[in-house]
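Note that the structure is a prediction, hence the values are computed from the model and not measured.
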Amino acid sequence: MSTVETRSGTDLNERLDPLLARFWDETRLRAEPQAAGDTAVTGIVQAAPPEIPSSWIAVSKVLGLGYGERAGAVITKGRTLMRARTTPSAGALYPFELLVAFRGATTYELYDYEVAGCCLRQIGAIEQGVLAGLLALPEAPAPQPDAVVALVGRPWTSMRKYGRRGYLYTHLDGAHAATNITMAAEGAGFRPVTYLRFDRDTAAEVLGLTGLCREPQALITLTATPTAAPAEFSAVANPFAVPIWRHGDGTRREEPGSAEQEAWRSVRSISTFHRQDDTPRRYGSSRTVAAIPQAPDALGEPGTPGESGTAAIRLTGADRIRSDGHRAVFAHLALTRASAKGFLPTSLGEEAFGHVLAELRQETGTDSADGLRAGLRVLVRSVEGIAPGSYAYTPDRHVLYPLHGDGGTEEAVVASCMNQDVVRSAALLFVLHAPMGPLLGTRGRQALAELHHHAASAAQRLCLAAAGQSVGITCLGGFDTDLVSQLVGLDGHEEVIYVLACGQPDETAVKWDRAPIAYSHGLGPALHS
């Protein structure tokens with residue numbers, strides 16, 4: 001066997017390890033640019049990128065604030081470090097992907113948004129009429145959306161760690177990002193509308209996801225308001241998410257393997273994607289948390305003792321206006337929000353507590369204004385001026401109604417949250433709940449999807465509001481439903497959807513449950529390998 005000139009690409013080393021030889025040739029430094037010869041990728045037209053419209057730039061900045069990287073790093077359940085993001089995720093797994101369709105002259109140009117590096121990769125085009133049909137948009141001359149953002153669940157990303165429960169985390173984690181994006185869009189001069197009632201199978205086809213084990217779970221239309229000047233959009237941007245635009249590079253989505261396909265088949269019985277729902281759309285604005293269904297007089301008016309013998313409490317912050325959450329303030333909160341790793345054993349101020357809950361009074365545009373909302377119970381353990389115990393919160397009146405209990409012992413609270421020590425000194429727990437059995441029986445899979453979306457939307461608002469009050473907060477997807485229900489006094493029909501712990505943050509704490517693989521969902525080591 002003869003040895004040929006090294007740079008010909010056919011020497012002995014390449015014959016033994018062609019990938020290594022190609023890497024070396026591609027990375028060889030040269031004084032002047034020159035053609036890479038046979039190492040160049042063929043079949044791709046290297047055209048000059050088109051001029052990016054100002055509205056596209058504005059939307060990319062909304063994405064960077066709503067779901068982008070920020071300062072800091074977190075450790076994932078896979079024991080790897082990654083850049084922190086502006087929204088939380090169970091185990092930092094982020095089991096969803098994000099696509100965005102930008103309105104062009106005759107079509108919507110479809111891009112894949114890669115949060116790591118804030119890269120927007122062009123992957124195709126969608127006829128405007130096709131997208132309008134999917135969303136049931138009004139005919140012209142009504143303004144068409146400047147962009148449509150698609151939150152796409154990829155269940156396997158979470159299910160390989162959490163089993164079938166991981167499917168629910170795709171809804172929760174995606175909804176955190178969807179809510180943040182809508183709030184960023186509002187501050188940037190767009191009118192966002194969130195769509196939860198659409199044909200997911202058709203959406204997958206339109207977005208090029210058929211057969212890829214991915215489920216479109218929420219669509220968000222972004223339409224410029226009449227008074228907003230495109231040049232003024234997104235005056236505040238995320239310095240850690242400077243958009244990079246890629247055009248015509250032939251990017252392909254990762255194909256699912258056999259394990260992912262099996263996981264996808266295992267959720268056919270619960271996924272809205274696999275059985276379409278004919279629930280009619282109801283457009284309007286609504287809050288993310290339901291009002292208390294009981295008559296107020298049964299629980300007591302503020303200042304008047306109710307059934308528990310304790311007076312209901314009207315909280316501070318009811319008159320808080322939206323302007324204090326605009327542009328610069330939202331950007332600051334989005335970029336500084338972080339999940340608390342522990343709490344100090346000190347009381348939370350009543351005023352700060354009231355202002356955190358007040359964010360749940362804000363409304364958002366949706367196609368499911370008549371949809372299902374979770375109720376909110378608050379387990380008060382140590383809040384100034386409020387007796388320990390369980391309370392029901394109603395956002396329409398911004399009032400806490402006392403129910404029962406004493407706030408629970410440290411041992412009871414830690415046990416209820418699957419022995420996650422992060423909650424030991426929390427001043428309170430927020431518990432989002434709903435009568436899941438009856439609702440799933442009458443409303444089906446759409447109820448499952450909508451409830452988890454709105455619960456996570458409420459959680460994201462609480463997270464941002466807590467950051468604004470310098471209050472620590474962390475979301476808990478692992479909890480014992482029965483134990484939490486006992487702590488907050490839920491009856492047999494009500495089940496816990498989501499739990500958040502809140503209090504004075506302990507900046508020195510370490511969240512140890514991120515270091516090892518978690519077994520909080522009853523899965524043994526064999527299923528986590």
Side-chain angles (χ1 to χ4, degrees), residues 59 62-63 66-67 85-90 94-101 108 110-113 115 126 131 134-137 145 147-155 157-158 167-186 190-207 209 214-223 267 270-274 276-277 279 281-288 363-374 445-461 497-498:
V59 171
V62 165
L63 298 179
Y67 178 52
R85 301 183 183 182
T86 59
T87 62
S89 168
Y94 294 96
F96 61 90
E97 297 169 349
L98 196 152
L99 302 177
V100 56
Y108 278 89
L110 185 63
Y111 285 73
D112 176 270
Y113 175 71
V115 65
I126 305 172
L131 201 56
L134 174 65
L135 298 171
L137 297 174
V148 179
V149 179
L151 276 298
V152 179
R154 188 180 182 185
T157 307
S158 186
Y167 172 71
L168 298 179
Y169 294 158
T170 66
H171 285 281
L172 293 175
D173 289 0
H176 274 280
T179 302
N180 230 33
I181 289 169
T182 60
M183 296 178 72
E186 289 170 350
F190 291 100
R191 180 176 61 83
V193 177
T194 300
Y195 290 75
L196 301 177
R197 297 176 180 175
F198 59 91
D199 187 324
R200 285 159 169 74
D201 187 59
T202 299
E205 183 178 354
V206 170
L207 297 172
L209 302 172
R214 291 161 169 85
E215 175 186 3
Q217 294 178 338
L219 303 175
I220 307 169
T221 57
L222 305 180
T223 308
V267 297
I270 57 175
S271 169
T272 308
F273 179 88
H274 292 100
Q276 300 302 323
D277 192 283
T279 305
R281 289 169 175 165
R282 172 72 179 276
Y283 295 97
S285 296
S286 63
R287 294 178 174 130
T288 56
E363 297 186 353
T364 186
T366 179
D367 72 337
S368 57
D370 61 341
L372 305 168
R373 301 295 189 275
R445 306 175 188 204
Q446 187 66 28
L448 186 74
E450 289 186 21
L451 275 170
H452 281 78
H453 178 93
H454 293 307
S457 183
Q460 181 62 22
R461 290 181 178 276
I497 300 175
Y498 212 4

Could you check if a side-chain atom of [X] sits within less than 4.5 angstrom of a side-chain atom of [Y], using non-hydrogen atoms only?
| X | Y | value |
| --- | --- | --- |
| H171 | L451 | no |
| L151 | L98 | yes |
| P145 | T223 | yes |
| Y283 | T366 | no |
| T364 | R461 | yes |
| L207 | R214 | no |

In Å and rounded to the nearest 0.5 Å, what is the [atom1] to [atom2] distance from [X] to [Y]?
| X | Y | atom1 | atom2 | result |
| --- | --- | --- | --- | --- |
| L135 | I220 | CG | CD1 | 11.5 Å |
| L219 | R197 | CG | CZ | 14.0 Å |
| I126 | L99 | CD1 | CG | 8.5 Å |
| D199 | T272 | CG | OG1 | 11.5 Å |
| E97 | R154 | CD | CZ | 5.5 Å |
| R191 | T221 | CZ | OG1 | 6.5 Å |

Fill in: Under 3.5 Å donor-acceptor, D367 side chain and V193 backbone
no
Report yes or no: does Q446 contribute a side-chain atom to a donor-acceptor pair with the main-chain N or O of L196 at less than 3.5 Å?
->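 Checked: pair present.
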Smallest separation among heavy atoms of [X] and [Y], with atom names:
| X | Y | value |
| --- | --- | --- |
| V62 | A185 | CG1-N, 3.8 Å |
| E450 | S368 | OE1-CB, 3.9 Å |
| A447 | L372 | CB-CD1, 3.3 Å |
| A369 | S285 | CB-N, 4.4 Å |
| S457 | T179 | OG-OG1, 2.9 Å |
| P155 | Y167 | CG-CD1, 3.9 Å |

Worked verdict on Q460 versus T182 for side chain to side chain contact (heavy atoms under 4.5 Å, CB included): CA-CA 11 Å; Q460 181 62 22; T182 60; over 6 Å; no
*asked:* As a quick check of understanding, evaluate side chain to side chain contact (heavy atoms under 4.5 Å, CB included) for I497 and H452, giving each step before the final call.
replied: CA-CA 7 Å; I497 300 175; H452 281 78; 3.8 Å; yes
**Report entry** Polar side chain donor-acceptor pair, S286 to R373, under 3.5 angstrom
**Finding:**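 Note: S286 and R373 side chains meet the donor-acceptor criterion.
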All ring-ring contact (aromatic ring centres under 6.0 Å, His included) counterparts of [X], not counting sequence neighbours:
| X | result |
| --- | --- |
| Y67 | Y94, F96 |
| H176 | Y498 |
| H453 | none |

| message | Show, in sequence, the C-alpha distance, side-chain angles and deciding distance for L168 and L448, and conclude whether the side chain to side chain contact (heavy atoms under 4.5 Å, CB included) test is met. | response | CA-CA 9 Å; L168 298 179; L448 186 74; 4.1 Å; yes
For E215 and V267, what are the C-alpha separation, side-chain angles and deciding distance, and is it a side chain to side chain contact (heavy atoms under 4.5 Å, CB included)? CA-CA 11 Å; E215 175 186 3; V267 297; over 6 Å; no
